[in-house]
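The shown structure was predicted, so the numbers you read here are calculated from the model rather than taken from an experiment. Throughout, protein chains are lettered first and strands after them, A, B, ... in sequence-line order, and every chain is numbered starting at 1.
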Amino acid sequence: MVRDVRNLKAELRRAVEQSLVLLGVEEPVDVPVQPTPPDRPGDYGTPVAFTLARVLRRPPAELARELAARVCPPAGVAGVEAVGGYVNFTVGAAELVRAAAEPLRPPAPVGRRVLVEHTSVNPNKELHVGHLRNIALGDAVSRILRYAGYEVQVLNYIDDTGRQVAETLFALERYGLRYDGVTKYDHWVGQAYVRLHREMEDPRLREELEAGVRAVLHRLESGELRSEVERVLRAQLDTMWRLGAEYDALVWESDLVREGLLQQALALLEHTPYVQRPREGKYAGALVMDTSSFVQGLEDPYLVLVRSDGTATYPAKDIAFQFWKMGLLQGLGFRPFAQQPSGRLLYTSHPEGDRSVGFGGCEETINVIDATQSYPQRVVRAALAVAGRPDLAEVAHHLAYETVTLEGRRISGRRGHTVSVDEVLDEAHRRARAVVAEKNPEHPDPESAAEQVGIGAVRFAMVRTEPRRQIDFRWEQALSFDGDSGPYVQYAHARAASILRRAEEAGVLAEEADFAQATEYERPVARTLLDFPDAVAAAAAQRTPHVLAQYLLDLAAAWNAYYNARHPDGSPATPVLQAPPGLRGARLALVRQVRDVLRTGLELLGVPAPEVM
RNA sequence: GCGCCCGUAGCUCAGAGGACAGAGCGUUGGCCUCCGGAGCCAAAGGCCGCAGGUUCGAAUCCUGCCGGGCGCGCCA
């Protein structure tokens, strides 16, 4: 009996391989088994005859016919036929539905630790739609890898010693601002930042402002202003949590420096032939790394790690962090920071933290950072190679996504050309609320449904396309509730859940399935259901959620088509609750699986799956 | 200038070297005798940027060109 599609495909492959021997093929040949296109006979097929044609010097169609005649198909396969040069297999409807209805089993643990860093927003202003893409991608990839069996650490890097934070805190001081308690705190603080930048345009003030910023920077480095930064961070976290993103730990840049990780990283690099301290010329007195063997296309391959005044550059800190992530360096203590909405504890690095809390030291890393940072990310990988670990450089991935533009222009927080995540979510909620009121006026909890649909629309829009593609943020597109959208998939899920609810009310939910009664109408949904493990595996392997998003659209479409199917005379072809006993059980099993796969898939994307919407 | 990424239907996008290139939006026309119409069915719409090459087979791989985005600081 066929258990699931992985077995099925593997069994088909084996059967074909055995028949190859009968044809006199001795050399091992790769036998691809793929689903047949719609409107073609069969469910799965192989083009192996084309490969063979070359070796055996015979026409592919002829070989396909011979293969089809000799192959001994596994149990449950109802037919084998040659279609042109392809050999196609038809699985019986009963077997197909039975296999598709088999309960989901998550993949086994792979025993590999992966560290995903995402979000990493400067703690000095509210989140904008560019950050939205980062969070949606990073959170989805983390969930997918965890499901795929990896041990995943999700980190959010807090750049608390950066210029942007210094400018903001300086602005608050300079203008003597007091929090009004009304505006969300990160938005309020962001206004001070924008105001300072307006003032900085005046060349007469530049020196005075610069000195002020530098003074704050020093206080930040000493850790003196940590609680100020933390206050902004907590406001930002509310937005991240509202989106459904959660983290395992926050890593503060100041901790990285204070714990000496930066110095250790530099020490690792310093005695390699690639790193030098020139006595004269352009880089006199600085510590520089020659990246020419690792990064192409640079006029000047020398990268400054330590300035001639003794201060470290940003790339140096990045390198130290990366070394720690991959276990080249140890250190950093952690302690609990907050309880997240799901109950999961969020840790933070801290000078008084517990050093035995085991973050870092992963075998593979994924840095979710936009594509404009590709060069610094290559430098980070180069540093691993310089430190004698080219093997680690291979698995230090940069999940590079293209930036989000706004009306075709680059987002700029400073110039106010931006849309905040909070604003987007509020508007999404408002629009979804209106639709719920219209479509489902009896809804028991319309506010909660509107929130779930709004978030779902926004997050799905951010992950449905390939990360490398630039996207222009448009309200109608990001907040679309029909067509290829999050709510479309959510609706398909709610519809399946609704049928199961009614089945339970009618007392037929536990009815035994008689798969032998399965019809041709079930075939497309069943086949699509069987593709789920492949979709997740592909998303994990390629480290991109869009593969899974596209799959869920396919499944929702197949399920909706099934739901609406009619006989040629126009009468409903696929009633579930009114189907004859046995067939009803089989259809309920299929509907349950549709609901479970949609729910699981949506969860992996971080899109809520409401039962009623 | 050099390097990286992207060019697929009017628009927004899928498409791990395999079967006549697929969705959504928009346009046109249909579907409430069923369990949710945020849905379904159908039609129209394509030199897959251009030109070569590799291959039994190319939207997919290679080379060149064209168009667009980004990067190339002792900034972060």
Inset, instruction - Round to the nearest Å and state the distance from A/Gln490 atom CD to B/G39 atom P. - result: 12 Å

Legend entry - Check: A/Ala371 main-chain N/O paired with A/Ser374 side-chain donor or acceptor under 3.5 Å: yes

Legend entry - Length of the CD-P vector between A/Glu210 and B/C75, whole Å: 11 Å

Legend entry - side chain to side chain contact (heavy atoms under 4.5 Å, CB included), paired with A/Leu305, selected from A/Val288, A/Val379, A/Leu262, A/Ile319: A/Ile319

Inset, instruction - Could you check how far CD of A/Glu221 sits from C1' of B/A76, rounded to whole Å? - result: 12 Å

Inset, instruction - Check whether any side-chain nitrogen or oxygen of A/Ser498 sits under 4.0 Å from OP1 or OP2 of B/G36, and answer yes or no. - result: yes

Inset, instruction - Answer yes or no as to whether B/A19 has its base stacked against A/Tyr86, where stacking requires a ring-centre separation under 5.5 angstrom and planes under 30 degrees apart. - result: yes

Legend entry - Nearest-Å distance once atom P is located in both B/C11 and B/A16: 23 Å

Legend entry - Closest to the A/Ala286 side chain, choosing from B/C4, B/C74, B/A38: B/C74

Inset, instruction - Classify the angle between the aromatic ring planes of A/Tyr521 and A/His567 as parallel (below 30°), tilted (30 to 60°) or perpendicular (above 60°). - result: perpendicular

Inset, instruction - Evaluate the side-chain proximity of A/Arg595 to A/Arg592: yes if any heavy-atom separation is below 4.5 Å, no if none is. - result: yes

Legend entry - C1' spacing across the pair B/C2 / B/G45, given as an integer number of angstrom: 41 Å

Legend entry - Atom pair distance, as rounded to whole Å: OH in A/Tyr488 and P in B/C25: 9 Å

Inset, instruction - Among B/G36, B/A19, B/C40, find the nucleotide with the atom closest to the side chain of A/Ala494. - result: B/G36

Inset, instruction - Between B/G3, B/A76, B/G18, spot the one nearest the side chain of A/Gln34, thanks. - result: B/G18

Inset, instruction - Could you check which of B/C35, B/A19, B/G3 has an atom nearest any side-chain atom of A/Ile499? - result: B/C35

Inset, instruction - Would you indicate whether the side-chain heavy atoms of A/Asp159 and A/Tyr314 approach each other to under 4.5 Å? - result: yes

Legend entry - Atom C1', compared across B/C4 and B/A42: separation rounded to whole Å: 44 Å

Legend entry - Listed nucleotide nearest any side-chain atom of A/Tyr563, set B/G37, B/C13, B/G71: B/G37

Legend entry - Side chain of A/Tyr283 (C-beta onward), nearest among B/G18, B/C74, B/U12: B/C74

Inset, instruction - Tell me what A/Val453 touches on the nucleic acid: a base, only sugar-phosphate, or nothing, going by heavy atoms under 4.0 Å. - result: base

Inset, instruction - Give the rounded distance in Å between these two atoms: OH of A/Tyr375 and P of B/A76. - result: 14 Å

Inset, instruction - Would you mind telling me which of B/G18, B/C13, B/C5 lies closest to the side-chain atoms of A/Arg468? - result: B/C5

Legend entry - Pairwise 5' ranking along RNA chain B for A/Pro572 and A/Pro376, keeping only the more 5' one: A/Pro572

Legend entry - Any donor-acceptor N/O pair under 3.5 Å between B/C74 base and A/Ser308 side chain: yes

Inset, instruction - Assign each of A/Ala539 and A/Gln373 to its nearest nucleotide of RNA chain B by heavy atoms, then name whichever residue's nucleotide is nearer the 5' end. - result: A/Ala539

Inset, instruction - Can you check whether any acceptor in the base of B/A16 is under 3.5 Å from a donor in the side chain of A/Asp534, or vice versa? - result: no

Inset, instruction - Record whether the side chain of A/Glu299 comes under 3.5 Å of the base of B/G1 through a donor-acceptor pair of N or O atoms. - result: yes

Inset, instruction - Among the candidates B/A38, B/C72, B/G15, find the nucleotide nearest to the side-chain atoms of A/His546. - result: B/G15

Legend entry - A/Thr574, nearest nucleotide to its side chain (from B/C6, B/C74, B/C35): B/C35

Legend entry - Spacing of CG belonging to A/Asn440 relative to CD belonging to A/Glu442, to within rounding of 0.5 Å: 7.5 Å

Legend entry - Length of the CG-C1' vector between A/Leu217 and B/C75, whole Å: 12 Å

Inset, instruction - Name the nucleic acid region contacted by A/Asp569, choosing base, sugar-phosphate or nothing; use a 4.0 angstrom heavy-atom cut-off, strictly under. - result: nothing

Legend entry - Mutual orientation of the aromatic rings belonging to A/Tyr86 and A/Phe50 [parallel < 30°, tilted 30-60°, perpendicular > 60°]: perpendicular

Inset, instruction - Go through B/G36, B/A23, B/C74 for me and flag the one nearest to the A/Asn440 side chain. - result: B/G36

